[in-house]
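Small disclaimer: the values here were computed from a predicted structure and weren't measured. Naming convention: chains lettered A, B, ... in sequence-line order (proteins, then strands); numbering from 1 in each chain.
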Amino acid sequence: MRHNKAVNNKYNQDKFPDSKGHFGLYGGRYVGETLMPALLELDEAYNKIVPDPGFQDEFKRLLRNYAGRPTPLFYAKRLSEHLDGAFIYLKREDLLHTGAHKINNTLGQALLARRMGKKKLIAETGAGQHGVATATAAALFGMECRVFMGTEDIQRQSANVQRMKLLGAEVIPVTSGTMTLKDAMNEAMRFWVEAVRDTFYVIGSVAGPHPYPVMVRQFQRVIGNETREQILRRTGGLPAVLIACVGGGSNAMGLFYAFMDDPLEMIGVEAAGKGIETGKHAATLGQGTVGVLHGSKSYLLQDENGQIKEAHSIAPGLDYPGVGPEHSLLKDFKRIQYVAIDDEQALEAFHALCVLEGIIPALESSHAVAWAMIEAKRRPKNEIIVVNLSGRGDKDLGIVSAYNK
Amino acid sequence: MNRIDKTFETLRQKKEKALVGFITAGDPNISDSFSIIKAMCKSGLDILELGVSFSDPTADGPAIQRSSARALKDGINLRAVLEITGRLRQETSMPIILFSYYNPIYAYGAKAFYKDALAAGADGVLVVDLPPEESDEMTSQWSGNELALIRLIAPTTPLKRMAQIAQSASGFIYLVSKTGVTGSEGLDTEDIKDKIELLRSATRLPICVGFGISTADDVAAIASVADGVVIGSAFERLIEDNLNNPDLASILANKVNEFKKATKIKDSVTL
Ligand SMILES: Cc1ncc(COP(=O)(O)O)c(C=O)c1O
C-alpha cells in the first residue's frame, strides 16, 4: 500500500459545501423534480432549526442522557503491546445505545423531523445499525418508521431485523439488484418520491443529495470533538494518525472533522472484500471513478458506460459502491488517505480485539482496527493512533461463525 | 421549424393531441427492440421517448426497472441507444427524445453526447435526475442549442418554481401526474386539470402529462385537458407479458393504435 507521509494539505472547511451543496466537483442535488421541493424545504429547515440553541440543547441532552455520550476513549494496552508499536486508542462508539455511532445522526434527524412537523420516518440500512437507530428514535418520539433492507442483509444481519421489529418499525425487504445497501437506498428513494409530502427520509451516512452530507456530518462531528478534548486532556498532545472505516463515510467524517486543521494524518479504510484484484470489493475511493448515484456526485464503482457495479464486503455496512461526496473532495485534496482491508484481514482484527481487549467489534469497525494493526507496527513507539470503533459486533456473530466453517 | 414544434403544430391543425410513447431501448433485447419501436412509430405514435437504461433507476417502478434490466443484460449502453436512434431516423421523421438518468450521459461526456445525439437524429433529451439547479454543467458543454431540454414539473412543484423551470425548458413540458415512481396507479384527472391551468399561466410550451396512464380511457381523459399523453409502463408491461411471443411487434403496434384513437376526441379543448 502506498503511504503518504507528508499529508497536511489545508482543507478550508468553511468553503465547502457551497449554497447548492457542492463540495468542489462533488455533491449537489441530482434527484427528480418531485423530490426537489422537499430537499429545498429540508435545507431551509436545517439551516434555521439546527443552529437554534433550543435544538442544540435538546440534541445534546439526548446524546448524553439517552444515547450515552460522551463515549470513552480507551487505551488498548494489550493490543498495542502485542503489536509492539505505536499506542492504539479506541473511540468507543460501540458503547452507545443501539451499539453504533449511527444513533448520533438519527437522533439529530428525528428531532429535526419533529420540528418540521413530520411524523413518519423512512430509512435504508445495510448492517441494520442505522435501521435500528432510526427505529429507536422513532419509538422515542412516537413516530412511524419503515426501514428498507436488502434480503441478503436481512439474512446476514437477522438480529438487527428482530430488534427493528421489536422497536415497532416495519422492515421492508428489498429483492431488487444486489439485495444489499445500494438497492435498499434505491427502494427508500422510490418510496420517498411517493410519500414525500408527509415523510422524512433519514439517510444513514454522509451521502445522498444536499443537505444530507453536511447535515449528517454535523450530527456526527461530536465524535471528533470529544476525542480531541479527551486525547489532549489525557496525553497532552495530539495523535499522529486517525483511522476510521468508510462505508458511506459518516463515522470517519465524524471523527476526522474536528482535526481537519491539525498536523496529523487521517486514514479512511474501505473494504477490499475478497481482494481488490478479484473485482469483488467496495473500495470506492481507491478504485472508483466519478459519477452520480443516489442524488450526489462522488466516486463510484461503475463501468465505462456509467452502470453501477456490484460491491462486495463481509461487512454489510461497507458493502456499497458509492461514498459521501466530501470524502471524494478530501481524497483529491490528499487530506485523507484511503486504503483498503480485505475480509480475511478484518476477521483477524475482529478476533484479535476479542481476545486481547475483551471487545467484540462490528465487522465494519474491524476494518479500521486491521489497518491500525498494520500502522502501529511501522510507526515510532511514542506515536498515538486513534481508531474509531464505530460499532459493536453482536450483530455479526452469524457471519463470523459461518466464515469459520 | 424543428421536428417537435412541427409535430405539435400539425396536431393542432388536425385537432389531435400528441401520443408520446416511452420505450426502453434494447428491451427485450437489442435486435427485437428496433423492430418493435419501428412498428410503434408506424402505428400512430407522435413522439418517441427512447429510454436509456441505468442500473439504478430510482425514479422508476417495477415495470421499467425490469425492462432496463433486460436491456442491460443484452448489453445496451448509451452508444448503442444512439445507434438505434440513427437507424430509426432513417425510418421516421417523428421527434425522438432521449430519456435518461444523468450518470450514463456523464460517463459518455456531455459534449460528445450533444454532438452524437444530434448526429443520430435525436431532437431532445430529458434527464430525470438533473434538476435545473444542476443542469448547467451539462448544457454548458453543448456546442449549440439544437437539442431540446425537456423539463419535468412535479405535483410538488410550487407555482413560482414552475415558472422558473418553464423558462429554461424547450420543446414541451413534461407534467408528472402524481407523486411516485413510474407506473404507479391512481390517476386524478381533476387534479391534473387544475395543475395544467396553473402551468398554462407560466408557459406557452405544450404540456404533456405522464405517469400512471395505462388505459385508453385514461388517455382520452388526459387528452381532453393536455397537449400530449405519455405512456411508458403500460408498453413495458405488454413487452414483459409477451416475451416469447413472435407477434410482439404487432401487439405493441395495435396498442399504440388504440391509444392514438383516444387522443382524437371531439370535444377536446383547442390549444
Ligand atoms: C458499525 C458501523 N460502522 C460503520 C458503518 C459504515 O457507515 P459509515 O461509513 O457511514 O460510518 C456502519 C454502517 O452500517 C456500521 O454499522
**Prompt:** Does A/Arg190 reach the main-chain N or O of B/Ala59 with its side chain, forming a donor-acceptor pair under 3.5 Å?
**Reply:** no

**Request:** Can you check whether anything in residues 317-332 of chain A gets within less than 4.5 Å of chain B, heavy-atom wise, and list it by number?
**Result:** none

**Fill in**
Value for CD (A/Gln302) from CZ (B/Phe54), rounded to nearest 0.5 Å, stands at 8.0 Å

**Asked** Is the number of heavy atoms from other residues, nucleotides or ligands under 6.0 Å of A/Glu44 CD greater than 12?
**Response** no

**Prompt:** Do you know which of A/Gly32, A/Pro209, A/Gly295, A/Ala38 has the most heavy-atom pairs with chain B at a distance under 4.5 angstrom?
**Reply:** A/Gly32

**Item:** Close side-chain approach of A/His210 and B/Glu133, heavy atoms under 4.5 Å
**Value:** no

**Criterion side chain to side chain contact (heavy atoms under 4.5 Å, CB included) on B/Tyr106 and A/Val290, from CA distance to verdict** = CA-CA 9 Å; B/Tyr106 185 78; A/Val290 179; 3.4 Å; yes

**Prompt:** Under a 4.5 Å heavy-atom cut-off, does chain A meet the side chain of B/Ile153, its backbone, both or neither?
**Reply:** backbone

**Request:** Kindly indicate whether the side chain of A/Phe191, heavy atoms from C-beta on, has any atom under 4.5 Å from the side chain of B/Val181.
**Result:** no

**Message:** Please check: side-chain N/O of B/Glu134 versus main-chain N/O of A/Arg29, any donor-acceptor pairing under 3.5 Å?
**Reply:** yes

**Fill in**
Honestly, the part of A/Thr289 sitting under 4.5 Å from a heavy atom of chain B is neither

**Request:** Give the minimum heavy-atom separation between A/Val292 and B/Tyr102, together with the two atoms involved.
**Result:** CG2-CD2, 3.7 Å

**Message:** Does atom CG (B/Asn145) have a neighbourhood of more than 12 heavy atoms from anything else shown, all under 6.0 Å?
**Reply:** no

**Heavy-atom contact with chain A under 4.5 Å, split by part of B/Ser135** = neither

**Prompt:** Is there a donor in the side chain of B/Glu137 and an acceptor in the side chain of A/His22, or the other way round, less than 3.5 Å apart?
**Reply:** no

**Asked** So, for A/Glu33 and B/Leu152, which heavy atoms are closest and what is the spacing to 0.1 Å?
**Response** CG-O, 3.5 Å

**Message:** Between A/Leu25 and chain B, with a heavy-atom cut-off of 4.5 Å, which part of the residue counts as in contact: side chain, backbone, both or neither?
**Reply:** side chain

**Item:** B/Thr58 (side chain) donor-acceptor with A/Asn186 (main chain) under 3.5 angstrom
**Value:** no

**Request:** Please report the shortest heavy-atom distance between B/Pro131 and A/Met36, naming the atom on each side.
**Result:** CB-CG, 3.6 Å

**Item:** Largest heavy-atom contact set with chain B, pairs under 4.5 Å, which of A/Lys182, A/Lys309, A/His294
**Value:** A/Lys182

**Fill in**
Answer key: most heavy-atom pairs under 4.5 Å with chain B among A/Glu187, A/Lys297, A/Met185 is A/Lys297

**Message:** Quick check: do B/Asn103 and A/Gln307 have side-chain heavy atoms less than 4.5 Å from each other?
**Reply:** no

**Asked** B/Ser55 side chain to A/Ile308 main-chain N or O, any donor-acceptor pair under 3.5 Å?
**Response** yes

**Request:** Check the pair B/Thr156 / A/Val196 against side chain to side chain contact (heavy atoms under 4.5 Å, CB included), numbers first and verdict last.
**Result:** CA-CA 9 Å; B/Thr156 48; A/Val196 62; 3.9 Å; yes

**Request:** Check whether more than 12 heavy atoms from other residues, nucleotides or ligands sit under 6.0 Å from atom CD of A/Glu170, and answer yes or no.
**Result:** yes

**Message:** Only pairs of heavy atoms separated by less than 4.5 Å count here; which of B/Ser53, B/Ala107, B/Pro57 has the most with chain A?
**Reply:** B/Pro57

**Prompt:** Do A/Leu293 and B/Asp56 have side-chain heavy atoms sitting under 4.5 Å apart?
**Reply:** yes

**Request:** Assess whether atom NZ of A/Lys280 is packed by more than 12 heavy atoms of other residues, nucleotides or ligands within 6.0 Å.
**Result:** no

